[in-house]
Amino acid sequence: MSDQGSQPDQPDHSVDKAARNLDAYRARYAERTAGMTASEIRALFAVASRPEVVSLAGGMPNLAALPLDSLATEVARLVSEDGQVALQYGSAHGVPELREQICEVMALEGISAHPDDVVVTAGSQMGLDMVTRIFCDPGDVILAEGPSYVGALGSFGAYQAEVVHVAMDEDGLQPEALRQAIADLEKQNKRIKFLYTIPNFHNPGGITLAVNRRAEVLEICRQADILVVEDNPYGLLGFDGKPYPALRSMDPDNVVYLGSFSKTFASGLRVGWVLAPLAIREKLVLTAESATLCPPTLNQMIVSRYLSTHDWQGQIKIFQEQYRERRDAMMAALEQYMPAGCTWTKPDGGFFVWLTVPEGVDTKAMLPRAVTQRVAYVSGTGFYRDGFGSRQMRLSYCYPTPERIREGVRRLANTLSEEMELVRTFGTVPPRSVPGPQAPSPDTA
């Protein structure tokens, strides 16, 4: 009874409403958060990280070949000798000496740059986020290869940009498909802000943009007044030892270049950079100041000390040999174990292979069963903005040993064969839509 003694207690609907809404702040979020979703496979990788599971998923570099003892000595000396600088606030532009060294690194790919045009970032992911932030309003269009890097799609979605994928083949981005996409979008009166491309050893595709296509792609974008954002974390990890010419080297005025030390040195330091024309560079510095105030000075100085005291080009050659051996192990295992109807790319550098499975198999639905069989991969759907990729998966060979790679592929092939038998027996499952770009974890990026 109520406190008047005459009316029954009324149910408290506010309690029911709160119980139904697990996020009490939901109504307060900005609209752009609607497209931000956690990776559906992230929970699986808590299991996949167990030692008995062979993970062919994560793009983690193999750091075993780094000279850790001498690095420890140099880091200790750095803190002892220059600790008051290394442990202090720095500039959002980046440590000057490191910016000079970055120009020397980029020169290997034919890029001529001034240190003032380099902005150091906390990993190239930060650079990608900043470029999207300064160029894209909600509803603007970004052209990107299909498939594309999951971290890029997450950033684009966070700023409410629309992603239109452009088809690739074994020679990379198709120029004719790029022309057609631009023409279609112009008819719809949509604003295209930039083309995002990973021309070398593509993540996740494992393919490289042919040299004879590079100038054509750049000319198409220039004629359409579209900026090119070149993401090149793997460019120095080619297996023939000869870097491809960077797009930036061919068109400095219309290409923003993203680089990183995560793949050629140490991913945990989170040191990357953006090379941009002067006007864009100024916007990037202001954006960096508002986001982080300054990138970690200690990490930058560690990278700079490494570049000045170690044979970093020789170290890259060691990485190239390691990854070539692992690539070869994966190619041989795929050839030996994969059931008929599967196809895959053969990368000439980088970390990844893109595998296509027979019609009717959904790699996203199969993933939990693969983890049960003690092997992990990344489903192809995470690399598309529009829900495609259910017949694809990304396999990474950079971290496991060749022996583990062969065993992982064998387990994966067994799982796939069982899945194909289920499809033959019970039919296929209707394709499912993907709500939006999924935020990657380090295990999946």
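- How far CH2 of W273 is from CG of L258: 10.0 Å, rounded to the nearest 0.5 Å.
- Between D82 and R305, at least one side-chain nitrogen of the basic residue sits less than 4.0 Å from a carboxylate oxygen of the acidic one, meeting the salt-bridge criterion.
- Taking the six-membered ring for Trp and the full ring otherwise, the centers of Y306 and F265 sit less than 6.0 Å from each other.
- For E176 and Q180, the side-chain atoms include no donor-acceptor pair closer than 3.5 Å.
- One finds a salt bridge joining E407 and R411 here, because a Lys/Arg side-chain nitrogen approaches an Asp/Glu carboxylate oxygen to under 4.0 Å.
- Residues E74 and R77 are paired through a salt bridge, judged by an N-O separation under 4.0 Å between the basic side chain and the carboxylate.
- Using a 4.0 Å cut-off between a side-chain N of Lys or Arg and a carboxylate O of Asp or Glu, R99 and D116 qualify as a salt bridge.
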Original post:
Given T208 and H202, is the side chain to side chain donor-acceptor pair (under 3.5 Å) satisfied, shown in steps?
Top reply: CA-CA 6 Å; T208 295; H202 187 269; over 6 Å; no
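- A salt bridge does not link D348 with R327: every distance from a Lys NZ or Arg NE/NH1/NH2 to an Asp or Glu carboxylate oxygen is 4.0 Å or more.
- Figure legend: R248 and Y257 shown without cation-pi pairing, the cationic atom not lying both under 6.0 angstrom from the six-membered ring centre and within 45 degrees of its axis.
- Between E216 and R213, none of the side-chain N atoms (NZ, or NE/NH1/NH2) sits under 4.0 Å from a carboxylate O, so this pair counts as no salt bridge.
- Proximity of the aromatic rings of Y196 and F156 is defined here by a centroid distance below 6.0 angstrom, and this criterion is met.
- Under a 4.0 Å N-O distance rule, the pair E403/R406 qualifies as a salt bridge.
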